[in-house]
Visitor: 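My structure is below; once you've seen it, I'll send some questions.
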2 protein chains.
Amino acid sequence: MAQKQGYLSKNQKIVLDYIEKANQPLKAYSILFNVQKKGLKAPPQVYRALDRLVEIGKVHKIESKNAFVACKNSNCTISNATAFSICDGCEKVTEISNPKLSKYLSGFQDNSGMKYNKYNLEFFGLCKKCR
Amino acid sequence: MAQKQGYLSKNQKIVLDYIEKANQPLKAYSILFNVQKKGLKAPPQVYRALDRLVEIGKVHKIESKNAFVACKNSNCTISNATAFSICDGCEKVTEISNPKLSKYLSGFQDNSGMKYNKYNLEFFGLCKKCR
DNA sequence: TATAACAATGTTATAATATAACATATTAAA
DNA sequence: TTTAATATGTTATATTATAACATTGTTATA
């Protein structure tokens, strides 16, 4: 059951399916408990699937929450430029897809001479409902 | 030993001193082991100090690494706009202090109507040495 | 100077997040 | 059809972080 580039293994599909149904970030152990009926019994199975899904861009990790969310770009295959808005009230997380922002950040250079190939940005505030 | 706004308590000073001496991000438990000689014996003592230091902006958390680094702005009292560059090779982390970038991001608005009051940005790449 | 209110500390235990290590199985390709 | 690579299953454990509660120190004020 090895996989060609771009194809998902059984466990990866199970985990991705579950994450896609939720439209909020999920914790790894909450995923684990919920996919146990599908046969994934132990943390490494979930974390391995998550690692791969993050790597190929199907899932993003919300670092400030240690939680995982499906990529909203239906055909996303990269994950090197991510931005999220996070409501401190209701905890709603939304992936920001803003060409100007991503262009600005992808082209950003500081004076260290370092060449960036990836970034992650998390905005915090209060959404309309929570204000 | 309560504290007025802006003053640091004993444990906060101990933890901040130690973090400032390192000029790299430190893990909470590594801090703990190293301040045990100063009397901080248990995780909550370190985490409480860290929480407060982060809150007042003296320390920032590098979310992708679960590590803590002293703020480079010597008089920083806020922590609502942070940006870091992280080398995937040597793991060196540098706080980015770029007025244009912070102005751009502080003013950023998306179409959700959400008003942001805080952001954290982490860039990844390879530094000069590691290229 | 009591005393109340609050902030900080100390302490034990445990929760939550994540990985090491190794055995087995599946697949693709040489 | 053997090999190499990938994926899976499994147990144990490492790492990160917080809950809960008792105690102590500080400030303000009655």
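Protein chains get the first letters and strands the later ones, always in sequence-line order, with residue 1 at the start of each. Heavy atoms only: backbone and side chains are in, while hydrogens, waters and symmetry mates are out.
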Visitor: Could you tell me the separation between the CD1 atom of B:I62 and the P atom of D:dT16, rounded to a whole number of Å?
Guide: 14 Å

Visitor: Given that both distances must come in under 3.5 Å, which nucleotide forms a Watson-Crick or G-U wobble pair with D:dA30?
Guide: C:dT1

Visitor: Reckon B:K27 has a side-chain N or O less than 4.0 Å from the OP1 or OP2 of D:dT15?
Guide: no

Visitor: So do the side chains of B:L8 and B:L16 get within less than 4.5 Å of each other, counting heavy atoms only?
Guide: yes

Visitor: Starting at atom CD of A:Q12, determine the distance to atom P of D:dT6, rounded to an integer number of angstrom.
Guide: 12 Å

Visitor: Report the distance from atom CG of A:L50 to atom P of D:dT8, rounded to the nearest whole Å.
Guide: 12 Å

Visitor: Checking all strands, does A:K65 fall into the base, sugar-phosphate, or nothing category for heavy-atom contacts under 4.0 angstrom?
Guide: nothing

Visitor: Are A:S64 and B:E63 side-chain neighbours, meaning at least one heavy-atom pair lies under 4.5 Å?
Guide: yes

Visitor: Side-chain contact, heavy-atom cut-off 4.5 Å: A:E122 with A:F124?
Guide: yes

Visitor: If the threshold is 4.0 Å, N to carboxylate O, is there a salt bridge linking B:E91 and B:K65?
Guide: yes

Visitor: Taking only the side-chain nitrogens and oxygens of B:K61, find out if one of them lies under 4.0 Å from OP1 or OP2 of D:dA17.
Guide: yes

Visitor: Measuring to OP1 and OP2 of D:dT8, would you say a side-chain N or O of A:S9 lies under 4.0 angstrom away?
Guide: yes

Visitor: Round to a whole Å and report the spacing from CG of B:L8 to C1' of C:dT9.
Guide: 16 Å

Visitor: Under 6.0 Å between ring centres: does that hold for B:F108 and A:F123?
Guide: yes

Visitor: Using atom CG of B:D51 as one end and atom C1' of D:dA19 as the other, report the distance to the nearest whole Å.
Guide: 13 Å

Visitor: Please check if any side-chain donor atom of B:S9 sits under 3.5 Å from a side-chain acceptor atom of B:N11, or the reverse.
Guide: no

Visitor: Which whole-number value in Å describes the distance from B:R52 CZ to C:dA8 P?
Guide: 6 Å

Visitor: Below 4.0 angstrom from OP1 or OP2 of D:dA17, is there any side-chain N or O of B:Y47?
Guide: yes

Visitor: Is the shortest heavy-atom distance from the side chain of A:F84 to the side chain of A:L121 under 4.5 Å?
Guide: no

Visitor: Please write out the pairs of protein N or O atoms and N or O atoms of nucleotides 9-12 of chain D separated by less than 3.5 Å, giving the distance to one decimal.
Guide:
| unit_1 | atom_1 | unit_2 | atom_2 | d |
| --- | --- | --- | --- | --- |
| D:dG9 | OP1 | A:K10 | NZ | 3.3 |
| D:dG9 | OP2 | A:N11 | ND2 | 3.1 |
| D:dG9 | OP2 | A:Q45 | NE2 | 2.4 |
| D:dG9 | O5' | A:Q45 | NE2 | 3.2 |
| D:dG9 | N7 | A:R48 | NH2 | 2.6 |
| D:dG9 | O6 | A:R48 | NH1 | 2.9 |

Visitor: Calculate the interatomic distance between B:L32 atom CG and C:dT9 atom C1'; express it in whole Å.
Guide: 15 Å

Visitor: Figure out the CD/P separation between B:Q36 and C:dG10, and round it to whole Å.
Guide: 13 Å

